[in-house]
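See below for the structure under consideration.
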Amino acid sequence: MPETDTNTFYVTTPIYYVNDKPHLGHVYTTTVADVVARYHRLKGDDTFFLTGVDEHAAKVSDKAAEHGLTPQAWADQNAAAFKETFDKLDLQYDDFVRTSSDHHKAKVTEYVAALLKSGDVYEGEYTGWYDAGQEEYVPENKAKDNDYKSEVNGKPLVKKAEKNYFFKLSAYRDELLAHFEKHPEFVQPDARRNEIVNRIKEAQDVPISRTGSGGWGIPVPGDEEQTIYVWIDALFNYLTYVDMDGRRHYWQSGATHFIAKDILWFHAAIWPALLLALRKCEGFSDWHGLGELALPKQVYSHSYWVSESGEKMSKSLGNFLDPAAIDNYVAEFGLDALRYFLATRGPLGTTDSAFSPDLFIETYNADLANTFGNSASRVSNMIGKYFGGFAPDHTATIFAEIDSDAILDESVAQAALVVASRNFEKCVLDFASHAGMLCVSTVDRHIEQTAPFKLAKDESKLPEVGTILYNCAEALRIASVLLWPFIPHKVEDFWRRIGCGHYAEALADHGHGDLDAWVQWGQLKPGTPIEKGDPLFPRYQVEKK
RNA sequence: GGGGGCGUAGCUCAGUGGUUAGAGCAGGGGACUCAUAAUCCCUUGGUCGCGGGUUCGAAUCCUGCCGCCCCUACCA
């Protein structure tokens, strides 16, 4: 696939903690990544989209034991639930990470061994407040909050020291700060960068191993007593799954990591520092002949969906959208409506977003039913009525006076492409969708001002009507291409109705499009059968108070 | 306790020093009838959280307060 002039795009989601059930938060991040990945495939980029699950947590082996299963069997079961959720939503990831896979384990072992050899991972001693009842260390601030007593049984915590391996994060402060300086777009949104920069200045070495994992997890190379911490194990997934023949160029092109704001520190500080450290190791300064091991291009940290009353959706409050609730939305409104809402009304910025059923319906009716769906209906209906269902000729002149914001020609297509592209590149998805929607609104205004339905009553004016409707259909076709990443299934239906089914075929099964060619004005051939079909997005009737 | 962010029309949000603060949706009025009671035009609506300060001029910069959120070495 990679041609010399093909761009490469690599996008990831976090790998999800496998003991949780999939919920709205997981679906959201994965949907955002899918929309962006589809944009790149549409554009013709050699694209790789990775998601998956994080399995090596202590709770996984605990829970497995409770259920009388091996940790692996338990993990298999839960990983399948995530896969099923994502597959049902047609989120087209290119591979699905399992941290319990042999490949991942072997690669993590290789990386950590290299870091041990270079000295960036070293043996040290961790001292902290230990809760003997819970068999776990309590962070200093939490211990203090509870007056140095166990949160669970109230017994005093004890100072305990144990051997651990540490990563020399402190040695990479300057390099990290220099990287932030040189690449201001590394952490997005901008506002998030400050808190990380401040914290890097004070960064201490971090422990990266623990004991007593009962064989679940990846051992520290050369020290079977110690297991690599899950979060280090997990971070490496972004690299392990492309560290194989045929995929390494994805890593070198610079990854885009979508994450939620709570795990920004790991991704914006520890992860690049690990890579900087790895770069100095044998075999990574010229990684498989591809040059110095790359750093991620961008870490995009989004906020949370909250309930209507503004509370964080959480398990303990029992107010988050679980797979059943998500299924209900899909059943009622369709897959594309859910995607469109999540991607365009979601918390991509620094502020949390409320998941409100009213707002969902409002967005669905306003953008999908009344704008795109309705415009497609009126144009295809008139072509059916006045031209027997075939795209008309467009050589006649239009005599109506048209305002500048209602003109339909190649400049509209070009402007929409520019706006959509710029915003997709910056991951500003609401604005990216507006580009296509604006194109559709222009069609509605154009129809209003040229009134083809009036002209059609006079047979001598049919050629003019033909030009008007041809331009409308062309603008809708171009809008639909720009909207495909958001509402792929309905757009593909629409394409089949207007003789563009080959777009859908090209994009099927992780295929690639040709955005620049497809948004050229005048691609629709006169004489092409145009089918009206059922409404793409039937309006949702709301009971009025 | 420390660091960071947010608070703008009924709702969701743009807007980081400069004319009477904007958009979409909702509300009101009108037009049209090709269309999914859709669409198009016009329109109501804001002491920009509160108080001080800097400035010729602040939603925008500084400061105090109030409310909400994130991070603060291992539970993503």
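Values below: all heavy atoms of this structure, side chains included; hydrogens, waters and symmetry mates excluded. These numbers come from a predicted model, not from an experiment. Order of the sequence lines sets the chain letters (A, B, ...), proteins ahead of strands, with each chain counted from 1.
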Checklist line | From B:C41, B:C25, B:C34, nucleotide with atom closest to A:E362 side chain | finding: B:C25
Notebook entry, point to check: If each of A:F453 and A:S441 is mapped to the nucleotide of RNA chain B with the nearest heavy atom, which maps nearer the 5' terminus, i.e. the 5' end?
Noted result: A:F453
Notebook entry, point to check: For B:U55, which nucleotide in any strand shown is its Watson-Crick or wobble partner with both distances under 3.5 Å?
Noted result: none
Next item on the list: Name the nucleic acid region contacted by A:W231, choosing base, sugar-phosphate or nothing; use a 4.0 angstrom heavy-atom cut-off, strictly under.
Entry: base
Next item on the list: Name the pairing partner of B:G1, where a pair is Watson-Crick or G-U wobble with both distances under 3.5 Å, or state none.
Entry: B:U72
Item checked: Spacing of A:Y364 atom OH relative to B:A26 atom P, expressed in whole Å -> 15 Å
Check: With respect to the side chain of A:R378, which nucleotide from B:C69, B:C34, B:A76 is positioned closest?
Finding: B:C34
Next item on the list: Measure from CG on A:L348 to P on B:C13 and round the result to the nearest Å.
Entry: 12 Å
Check: Contact class for A:V379 vs. all strands (heavy atom < 4.0 Å): base, sugar-phosphate, or nothing?
Finding: nothing
Margin query: Classify A:R539 by what it touches in the nucleic acid, base, sugar-phosphate, or nothing, heavy-atom distance under 4.0 Å.
Written below: base
Checklist line | Who pairs with B:U39 - Watson-Crick or G-U, where each distance is under 3.5 Å | finding: B:A31
Item checked: Note: A:E66-A:K63 ion pair, threshold 4.0 Å (strictly below) -> yes
Margin query: For a quick check of understanding: with a heavy-atom distance under 4.0 Å over all strands, which category does A:P452 fall into, base, sugar-phosphate or nothing?
Written below: nothing
Check: Across the strands shown, which category fits A:N374 at heavy-atom distances under 4.0 angstrom: base, sugar-phosphate, nothing?
Finding: base
Notebook entry, point to check: So what does A:R192 touch, heavy atoms closer than 4.0 Å: a base, only the sugar-phosphate, or nothing?
Noted result: nothing
Notebook entry, point to check: When rounded to the nearest Å, what value does the distance between C1' atoms of B:U63 and B:U55 take?
Noted result: 16 Å
Notebook entry, point to check: Under 6.0 Å between the ring centres of A:Y238 and A:H267?
Noted result: yes
Note to self: Taking B:G27 as the reference, what is the distance to B:A9 when you measure between their C1' atoms (whole Å, please)?
What the structure shows: 12 Å
Next item on the list: Answer with base, sugar-phosphate or nothing: what part of the nucleic acid does A:A57 contact at a heavy-atom distance below 4.0 Å?
Entry: nothing
Item checked: Euclidean distance for C1', B:C69 against B:U33 (whole angstrom) -> 50 Å
Item checked: Ring-ring centroid check A:Y122 A:Y165, cutoff 6.0 Å -> no
Check: Does the side chain of A:Y93 pick up a donor-acceptor pair with the side chain of A:T30 at under 3.5 Å?
Finding: no
Checklist line | Side chain of A:T351 (C-beta onward), nearest among B:C6, B:C34, B:C40 | finding: B:C6
Note to self: Only pairs with both distances under 3.5 Å count, Watson-Crick or wobble alike; so what is the partner of B:A23 in this structure?
What the structure shows: B:U12
Item checked: Contact under 4.0 Å: A:N365 side-chain N or O vs B:C25 OP1/OP2 -> no
Notebook entry, point to check: In whole Å, what separates the P atom of B:C68 from that of B:A76?
Noted result: 26 Å
Notebook entry, point to check: Can you tell which of B:C40, B:U72, B:U33 lies closest to the side chain of A:K454?
Noted result: B:U33
Note to self: Using Watson-Crick or G-U wobble geometry with both distances under 3.5 Å, which nucleotide pairs with B:G67?
What the structure shows: B:C6
Notebook entry, point to check: Expressed in whole Å, how much space separates the C1' atoms belonging to B:U8 and B:G15?
Noted result: 9 Å
Note to self: Within the 4.0 Å heavy-atom criterion, would you say A:T350 contacts the bases, only the backbone, or no part of the nucleic acid?
What the structure shows: sugar-phosphate
Margin query: Applying a 4.0 Å non-hydrogen cut-off, can you work out what A:L536 is touching in the nucleic acid: base, sugar-phosphate, or nothing?
Written below: base
Check: Which nucleotide, B:A73, B:C70, B:A14, lies nearest any side-chain atom of A:Q204?
Finding: B:A73
Next item on the list: Answer yes if the side chains of A:H302 and A:T29 hold a donor-acceptor pair under 3.5 Å, and no otherwise.
Entry: yes
Notebook entry, point to check: Looking only at atom P, what distance separates B:G10 and B:G67, rounded to whole Å?
Noted result: 23 Å
Margin query: Would the base of B:A76 count as contacting A:D262 through its side chain, where contact means a donor and an acceptor less than 3.5 Å apart?
Written below: no
Notebook entry, point to check: Mapping A:F266 and A:F372 onto RNA chain B by nearest heavy atom, which one lands closer to the 5' end?
Noted result: A:F372
Notebook entry, point to check: Do A:H394 and A:T467 have side-chain N/O donor and acceptor atoms under 3.5 Å apart?
Noted result: no
Margin query: Please tell me whether A:H257 and A:Y300 form a close aromatic pair, meaning their ring centres lie under 6.0 Å apart.
Written below: no
Margin query: With rounding to the closest Å, how many angstrom separate the P atoms on B:G17 and B:A58?
Written below: 14 Å
Next item on the list: Mind checking A:D534 for me? I need base, sugar-phosphate or nothing, with any heavy atom below 4.0 Å counting as a touch.
Entry: nothing
Check: Under 4.0 Å between a side-chain N or O of A:K532 and OP1 or OP2 of B:C34?
Finding: no
Check: Nearest to the side chain of A:I447, which nucleotide is it out of B:G3, B:C34, B:A73?
Finding: B:C34
Margin query: Please classify the nucleic acid contact of A:Y16 as base, sugar-phosphate, or nothing, using heavy-atom distances under 4.0 Å.
Written below: nothing
Next item on the list: From the options B:U36, B:U39, B:G3, select the nucleotide whose nearest atom is closest to the side chain of A:D444.
Entry: B:U39
Notebook entry, point to check: Under 6.0 Å between ring centres, would you say that holds for A:F355 and A:F341?
Noted result: yes
Next item on the list: Go through B:C69, B:C40, B:A73 for me and flag the one nearest to the A:R445 side chain.
Entry: B:C40
Next item on the list: For A:A369, report the nucleic acid contact type (base, sugar-phosphate, nothing); a contact means any heavy atom under 4.0 Å.
Entry: base
Checklist line | Check: A:W271 ring centre within less than 6.0 Å of A:F266 ring centre | finding: no
Margin query: I'd like the C1' distance from B:C25 over to B:C65, given in whole Å.
Written below: 34 Å
Next item on the list: Identify whether any heavy atom of A:N164 sits under 4.0 Å from a base atom; if not, whether one sits that close to sugar-phosphate; answer base, sugar-phosphate or nothing.
Entry: nothing
